[in-house]
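Presented below is the structure to which this report refers.
From a predicted model like this one, the values you see are computed outputs, not experimental measurements. Just so you know, these numbers use all the heavy atoms, side chains as well, and skip hydrogens, waters and symmetry mates. In what follows, chains carry the letters A, B, and so on, assigned in the order in which the sequence lines appear, proteins first and then strands, with residues in each chain numbered from 1.
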Amino acid sequence: METLQSLIDRSLVYQMTNEEKLNELLKADPLSFYIGFDATASSLHLGHLVPLMIASHLQRAGHKPHILIGGATALVGDPSGRSTERSLESRDTIDQWAVSLKTQMKRFLDFNDESANGALLLNNADWLNKLNYINFLRDIGKHFSVNRMLTAESVKQRLETGLSFLEFNYMLLQSYDFLHLFRDKNCILQVGGADQWGNIVAGIDLIRRKESSEVYGFTCPLVTTSTGEKMSKSQPGGAIWLDPDLTSPYQYYQFWINVDDRDAAYFMKLYTYLPVNEIAEYEKLTGADTRRTKEKLAFEATAIAHGFEEAKKAQNAAKALFSGKGNQQNVPSTEVPLSRINEGISAIDLFTETGLCPSRGEVKRLGKQGGLYIQDERVSSPEERITEDMLDNNSLLLRAGKKRYHRINFV
RNA sequence: GGCGAGGUUCCCGAGUGGUCAAAGGGGGCAGACUGUAAAUCUGUUGGCGGAUGCCUUCGGUGGUUCAAAUCCACCCCUCGCCA
């Protein structure tokens with residue numbers, strides 16, 4: 001199996017150095033590669049998924065992943081793809097983040113250190129924090145041409161709005177990471193997002209100069225939706241996180257099932273392990289049948305991120321709510337004491353307490369617009385009390401807008 | 001360091017003493033139409049147990065005033081030119 005070609009077939013490759021050689025290497029013996037993630041939050045989000053999937057594919061092909069948490073570089077902030085400087089986080093915070101990131105990555109990668117190609121999690125703070133400024137300048141800095149750095153796309157853009165010296169150094173640090181991992185772990189391949197191209201190439205150059213060795217790199221596309229949105233933090237309804245406490249598996253499933261028709265098959269290639277020939281079958285579906293593609297996509301993607309069981313639950317809940325099949329057991333729910341009905345509880349209370357609406361004002365607004373439902377009945381006056389005869393089996397199904405459901409179980 | 005421009009609600013961007021919770025656009029949300037899609041049209045878009053009311057918001061802190069996003073002082077930050 002041609003590993004590189006299969007990645008290309010899945011649209012996972014954007015740019016690469018020395019394709020021919022890289023292809024040979026990936027076909028031959030297992031190699032060590034690295035992918036960096038800057039710790040900028042306690043959870044990964046959709047924007048991190050493509051690099052993770054690539055790492056996973058490569059590991060399945062027998063190669064050894066080195067996952068680099070940018071504990072030190074996060075303190076500097078990569079100017080690539082950003083218009084403003086990142087906020088600086090404390091060392092402690094970033095260390096905590098690294099721990100939770102690893103938990104999430106375990107769904108995608110095998111971190112078993114018994115196996116030869118078990119993934120390794122590294123933190124560049126371990127070597128970058130030890131650097132001596134003067135030595136670094138002499139050993140590493142002298143290999144970098146400022147003239148050339150200024151032509152890097154990431155820097156060029158920031159020249160418009162401003163770039164501090166701190167961030168300007170990011171390229172050197174990332175290059176040093178590559179050098180370090182080459183020396184220490186024999187990493188000969190770096191993979192990153194398209195915005196990392198400049199940093200990756202800089203690292204390759206550095207290794208050639210310092211070690212007279214050829215190493216390789218490729219980038220994956222920065223995925224955008226058909227409407228031009230980045231797959232990163234800002235999605236309708238807020239960020240989609242991999243942490244189930246931030247984005248529940250149900251919400252995660254819903255995100256995928258709601259993607260634009262035009263993206264469905266494309267996302268299947270990127271975000272599932274389904275073989276491309278199977279995806280080709282789904283691509284043939286048109287019109288309303290595209291929903292079948294999205295159902296598959298949603299199920300597979302959720303299973304990867306949250307496990308088969310959670311995916312099954314999310315799927316059941318979706319079926320119960322949107323096509324009336326199956327039971328509503330797995331619909332997100334909250335328990336409320338039955339006594340509160342006698343004390344007087346209104347729709348406003350329920351909708352805010354379940355988090356379906358962030359404020360009472362929002363409930364009233366939605367009510368005015370006809371977007372509030374209890375048991376599929378439109379709620380015209382959300383201030384009115386809930387009465388016991390409205391309950392069905394001691395439970396109420398709330399709905400805000402077309403798609404957001406929540407169940408209340410009175411106990 | 002000098003000079004100039006600027007920091008406004010999720011984003012961009014108007015506003016230069018009361019009529020400002022703050023134009024307009026984007027985005028979001030809702031309704032209609034649909035297929036939990038897209039496109040389109042319409043509405044909506046700080047919070048508050050229901051309010052010609054209160055609270056929070058216009059970089060920060062103080063001040064002037066019956067009244068400040070708007071005026072004054074100091075400070076912080078960003079950009080540009082010069083050094």
Response to the item:
Paired to U36(B) by Watson-Crick or G-U wobble criteria (both distances under 3.5 Å) is none
Discussion item. What's the closest nucleotide to the side chain of Asn258(A) if the choices are A30(B), U36(B), G35(B)?
Written reply: U36(B)
Worksheet item: Within the side chain of Gln104(A), is there an N or O that forms a donor-acceptor pair under 3.5 Å with the backbone of Leu44(A)?
Response: yes
Worksheet item: With a non-hydrogen cut-off below 4.0 angstrom, is Arg378(A) in contact with a base, only sugar-phosphate, or nothing?
Response: sugar-phosphate
Worksheet item: Of Lys403(A) and Tyr373(A), whose closest RNA chain B nucleotide lies nearer the 5' terminus?
Response: Tyr373(A)
Discussion item. Taking ring-ring contact (aromatic ring centres under 6.0 Å, His included) as the definition, give me every residue that meets it alongside Phe299(A), ordered by chain and number, with sequence neighbours left out.
Written reply: Phe308(A)
Worksheet item: Where does G50(B) fall, syn or anti, if syn means a chi angle no more than 90° from 0?
Response: syn
Worksheet entry | Exercise: do Asn199(A) and Gln196(A) side chains pair donor with acceptor under 3.5 Å | yes
Item to complete: Could you tell me the separation between the CZ atom of Arg404(A) and the P atom of G28(B), rounded to a whole number of Å?
Response: 14 Å
Discussion item. Among residues 300-324 of chain A, which ones have heavy-atom contacts with RNA chain B below 4.0 Å?
Written reply: Ala318(A), Phe322(A)
Fill in: Pairs where residues 269-282 of chain A contributes a residue and the test side-chain hydrogen bond (donor to acceptor under 3.5 Å, both in side chains) is met, not counting sequence neighbours
Ser56(A)-Tyr273(A), Glu281(A)-Lys284(A)
Worksheet item: Would you say the side-chain atoms of Gln5(A) and Asp9(A) include a donor-acceptor pair closer than 3.5 Å?
Response: yes
Worksheet item: In whole angstrom, what separates Ile257(A)'s CD1 from A38(B)'s P?
Response: 13 Å
Worksheet item: NZ of Lys294(A) versus C1' of A38(B): gap in Å, rounded?
Response: 8 Å
Is there any protein nitrogen or oxygen under 3.5 Å from a nitrogen or oxygen in nucleotides 81-83 of chain B, and what are the pairs?
none

Worksheet item: Over how many whole Å does the gap from Tyr405(A) atom OH to A30(B) atom C1' extend?
Response: 15 Å
Worksheet, complete the sentence: Here the distance between atom C1' of A39(B) and atom CG of Asp260(A), to the nearest Å, is 10 Å
Worksheet item: Counting N and O atoms only, with roles assigned by atom type, does the side chain of Thr247(A) sit under 3.5 Å from a partner on the main chain of Asp243(A), one being a donor and the other an acceptor?
Response: no
Under-3.5 Å N/O pairs linking protein and nucleotides 21-25 of chain B:
none

Worksheet item: So which pairs with a foot in residues 402-411 of chain A pass side-chain hydrogen bond (donor to acceptor under 3.5 Å, both in side chains), sequence neighbours left out?
Response: Asn258(A)-Lys403(A), Gln328(A)-Arg407(A), Thr334(A)-His406(A), Ser395(A)-Arg407(A)
Worksheet item: Is there a Watson-Crick or G-U wobble partner for G6(B) with both distances under 3.5 Å, and which nucleotide is it?
Response: C77(B)
Item to complete: Please state how far atom NZ in Lys402(A) lies from atom C1' in G31(B), giving the value in whole angstrom units.
Response: 9 Å
Worksheet item: side chain to side chain contact (heavy atoms under 4.5 Å, CB included) with Asp205(A): which residues, sequence neighbours excluded?
Response: Arg148(A), Val201(A), Arg208(A)
Item to complete: Taking His63(A) for its side chain and Gln59(A) for its backbone only, find out whether a donor-acceptor pair lies under 3.5 Å.
Response: no
Practice prompt. Determine which pairs satisfy salt bridge (Lys or Arg N to Asp or Glu O under 4.0 Å) with at least one residue from residues 61-71 of chain A, sequence neighbours left out, and list them in order.
Written response: none
Worksheet item: Whom does G1(B) pair with, Watson-Crick or G-U wobble, provided both distances fall under 3.5 Å?
Response: C82(B)
Worksheet item: Within this structure, what is the OH-to-P distance between Tyr253(A) and U36(B), rounded to whole angstrom?
Response: 13 Å
Item to complete: Go through the structure and list residues passing salt bridge (charged side-chain N to carboxylate O under 4.0 Å, His left out) with Arg262(A), not counting sequence neighbours.
Response: Asp260(A)
Item to complete: If a protein heavy atom is under 4.0 Å from the base, mark B; if only from the sugar-phosphate, S; if neither, -; do that for nucleotides 43-51 of chain B going 5' to 3'.
Response: BSS-SSSB-
Worksheet item: After noting the C-alpha distance and the side-chain angles of Asn112(A) and Ser115(A), does the key distance pass the side chain to side chain donor-acceptor pair (under 3.5 Å) rule?
Response: CA-CA 6 Å; Asn112(A) 181 3; Ser115(A) 66; 4.6 Å; no
Discussion item. Can you tell me the base-pairing partner of C48(B)? Count Watson-Crick or G-U wobble geometry only, both distances below 3.5 Å, and say none if there is no partner.
Written reply: G53(B)
Worksheet entry | Any donor-acceptor N or O pair under 3.5 Å, side chains Asn18(A), Glu214(A) | yes
Worksheet item: Could you give the CG-to-P distance, from Leu366(A) to G31(B), as a whole number of Å?
Response: 8 Å
Practice prompt. Keeping to residues at least two apart or across chains, list the salt bridge (Lys or Arg N to Asp or Glu O under 4.0 Å) pairs with something in residues 307-323 of chain A.
Written response: Glu310(A)-Lys313(A)
Worksheet entry | salt bridge (Lys or Arg N to Asp or Glu O under 4.0 Å) pairs, two or more places apart, involving residues 369-391 of chain A | Asp376(A)-Arg399(A)
Worksheet entry | Base partner of C71(B), which must satisfy Watson-Crick or wobble distances under 3.5 Å | G63(B)
Discussion item. I want to check one thing: is the phosphate of U36(B), taken as OP1 and OP2, less than 4.0 Å away from some side-chain N or O of Arg291(A)?
Written reply: yes
Fill in: Mate of G24(B) where both pairing distances stay under 3.5 Å, Watson-Crick or G-U
C12(B)
